[in-house]
Amino acid sequence: MLALRRVLTFPLRHRALTAAGGVLLVVALLDPSAAPSKASEAAAPSKAALPTRRMLPVTLAFAGDIHFEGALASALTRDPATVLAPVAPLLRRADVAVVNLETAITGRGTAVPKDYNFRAPASALAALKAAGVDAASMANNHGMDFGPVGLADSLAAGSAAGFPLIGIGRNDGEAFKPFRKVVRGQRISVIAATQVIDHPLIESWTAGPRRPGLASAKDLPRLVRAVTEARRNSDTVVVYLHWGVQGSQCPTGVQRQLADALIAAGADVIVGTHAHTLQGAGRSDTAFVAYGLGNFAFYTRGGLGTQTGVLTLTVTGRHVDKYVWSPALIHSGVPAPLAGTLAAQAVSAWNRLRGCTGLTP
């Protein structure tokens, strides 16, 4: 027992060796003469001198609102693998690609009384996978368009397809659970939440301890807790939000306050949708914020709603090394990348949107 007490007072390095050293160090526990001298203890390296885990740059791609209504529904029926073919190369080349899936994945349920209800078959997830999408947020004002039955079907479809759907769940723990992926040793976490839920539906659509639903950004303490928890075991923390005002190209004060709160909690990247038009993007202190990614694969009547693109960030841990906006224009519901002069003009217009955001390049 005396020998055991002496071993337990060794420095951290020796406790780690005891755990990893097998039979040889079990003998040391039984033989006090095997204990290191004071001189060897003094020579042990400090925590500051221990090597840190090396991380290599990772690319993250984000795009906006997707549903499979109108012409997209017909294209999905013909061949899910080709629905998003024009823009797929932009998504596939990223290490992690995330979009906003603004529809329930179900053929059942009853449409909830509201202005618009969207649904799509499970083949929609096959279309996303074929395009290089790694995960999709369903934390939006259409995630429960067909009620609890539609939500259950969406979760079952995601599980069957092996396709992560984030921001929804059988309870708030599942809804706020991040999508996680390790790329070249870098731990990426993506949390999804919505600040937009039709007022009469807020309670019934919000996930709780024993209630299925969406991750709600209206419950700021709960969202902050999710970010704080992800920060503890992630190198890069992303929050994908549904927020803002439809038709506005500038973020609201509420959006800016929420972004600040999430950055303070540990978010490195914040991206969002809902306005159905592009909003500005840029740096906010140590983080990167893209307030609005607009429509992506969506029916639209023209104008600003057809302007879209893919935002690609290169990140190393908490640092956003660079970002690229690859503009596209929606035709028959599908984004088609721009090139040449048209692309240059679209990028310039996108950069000008930063003017009302308080962000910097």
Side-chain angles (χ1 to χ4, degrees), residues 58 60 62 96-102 134-144 151 154-155 158-159 163-183 186-197 201-244 251 254-274 284-293 313 315 317-318 320:
V58 171
L60 312 176
F62 303 100
V96 179
V98 184
V99 300
N100 179 55
L101 182 58
E102 199 154 30
D134 294 286
S137 169
M138 284 188 64
N140 54 61
N141 57 318
H142 294 282
M144 288 187 67
L151 177 66
S154 297
L155 291 170
S159 178
F163 185 82
L165 296 173
I166 53 177
I168 62 171
R170 290 169 293 184
N171 51 57
D172 62 330
E174 287 189 3
F176 281 98
K177 183 179 180 180
F179 163 70
R180 297 185 186 273
K181 187 173 181 179
V182 178
V183 183
Q186 187 163 321
R187 302 164 300 177
I188 311 297
S189 290
V190 184
I191 298 165
T194 181
Q195 202 175 49
V196 181
I197 303 175
L201 304 172
I202 291 175
E203 182 176 356
S204 61
W205 281 35
T206 298
R210 289 174 294 278
R211 182 176 61 238
L214 313 178
S216 175
K218 294 179 181 295
D219 185 352
L220 181 56
R222 183 66 182 86
L223 178 55
V224 165
R225 176 156 63 92
V227 173
T228 302
E229 290 172 353
R231 177 77 274 151
R232 295 191 186 110
N233 56 8
S234 306
D235 299 302
T236 306
V237 176
V238 178
V239 183
Y240 196 120
L241 291 168
H242 208 63
W243 59 352
V254 172
Q255 283 177 275
R256 294 176 67 164
Q257 290 169 10
L258 178 54
D260 289 343
L262 297 178
I263 292 169
D268 305 306
V269 176
I270 300 170
V271 295
T273 59
H274 176 63
S284 176
D285 295 326
T286 58
F288 185 90
V289 181
Y291 280 110
L293 299 175
L313 307 179
V315 298
R318 303 204 64 182
V320 176

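Basis for what follows: all heavy atoms, side chains included, without hydrogens, waters or symmetry-related copies.
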Within-4.5 Å side-chain heavy-atom neighbours: [X] and [Y]:
X      : Y      : answer
Leu258 : Leu220 : yes
Val96  : Phe179 : yes
Val289 : Ile263 : yes
Val315 : Leu60  : yes
Asn171 : Pro209 : no
Ile188 : Gln186 : yes
Val238 : Ile270 : no
Val239 : Val190 : no

Output, in order, the C-alpha distance, side-chain angles, deciding distance and verdict of side chain to side chain contact (heavy atoms under 4.5 Å, CB included) for Glu102 and Thr273. CA-CA 10 Å; Glu102 199 154 30; Thr273 59; over 6 Å; no

Which heavy-atom pair separates [X] from [Y] by the least distance, and what is that distance?
X      : Y      : result
Ala267 : Ala287 : O-CB, 3.8 Å
Leu223 : Ala193 : CD1-CB, 4.0 Å
Ala139 : Ile168 : N-CG2, 4.4 Å
Met144 : Gly213 : SD-CA, 3.7 Å
Ala230 : Ile191 : CB-CD1, 3.9 Å
Ala259 : Tyr291 : CB-OH, 4.0 Å

For the residue pair Asn140 / His274, report whether a side-chain donor-acceptor contact shorter than 3.5 Å exists. no

Looking only at the side chains, is there a donor atom on one of Arg187 and Ser234 sitting less than 3.5 Å from an acceptor on the other? no

Is a side-chain donor or acceptor of [X] paired with a backbone partner of [Y] at a separation under 3.5 angstrom?
X      : Y      : answer
Arg211 : Thr206 : yes
Thr236 : Gly317 : yes
Asp172 : Ala207 : no
Trp243 : Pro251 : no
Gln195 : His242 : no

Cation-pi check, Arg222 to Phe176: give yes when NZ or CZ is under 6.0 Å from the six-membered ring centre and within 45° of the ring axis, no otherwise. yes

Rounded to the nearest 0.5 Å, what separation is found between the [atom1] atom of [X] and the [atom2] atom of [Y]?
X      : Y      : atom1 : atom2 : value
Asn100 : Phe62  : CG    : CZ    : 12.5 Å
Arg225 : Asp219 : CZ    : CG    : 8.5 Å
Leu214 : Leu151 : CG    : CG    : 7.0 Å
Met138 : Leu165 : CE    : CG    : 6.0 Å
Ile197 : Ser216 : CD1   : OG    : 4.5 Å
Lys218 : Thr194 : NZ    : OG1   : 7.5 Å

Partner residues of Arg231 under the side chain to side chain donor-acceptor pair (under 3.5 Å) criterion, sequence neighbours left out: Asp268

Taking only residues two or more places apart in sequence, or in another chain, which ones meet Asp285 in a side chain to side chain donor-acceptor pair (under 3.5 Å)? none

Which residues pass the side chain to side chain contact (heavy atoms under 4.5 Å, CB included) test with Ala290, sequence neighbours left out? Val271, Ala281, Phe288, Leu293, Leu311

Side chain to side chain contact (heavy atoms under 4.5 Å, CB included) evaluation trace for Leu313 with Val269: CA-CA 9 Å; Leu313 307 179; Val269 176; 3.5 Å; yes

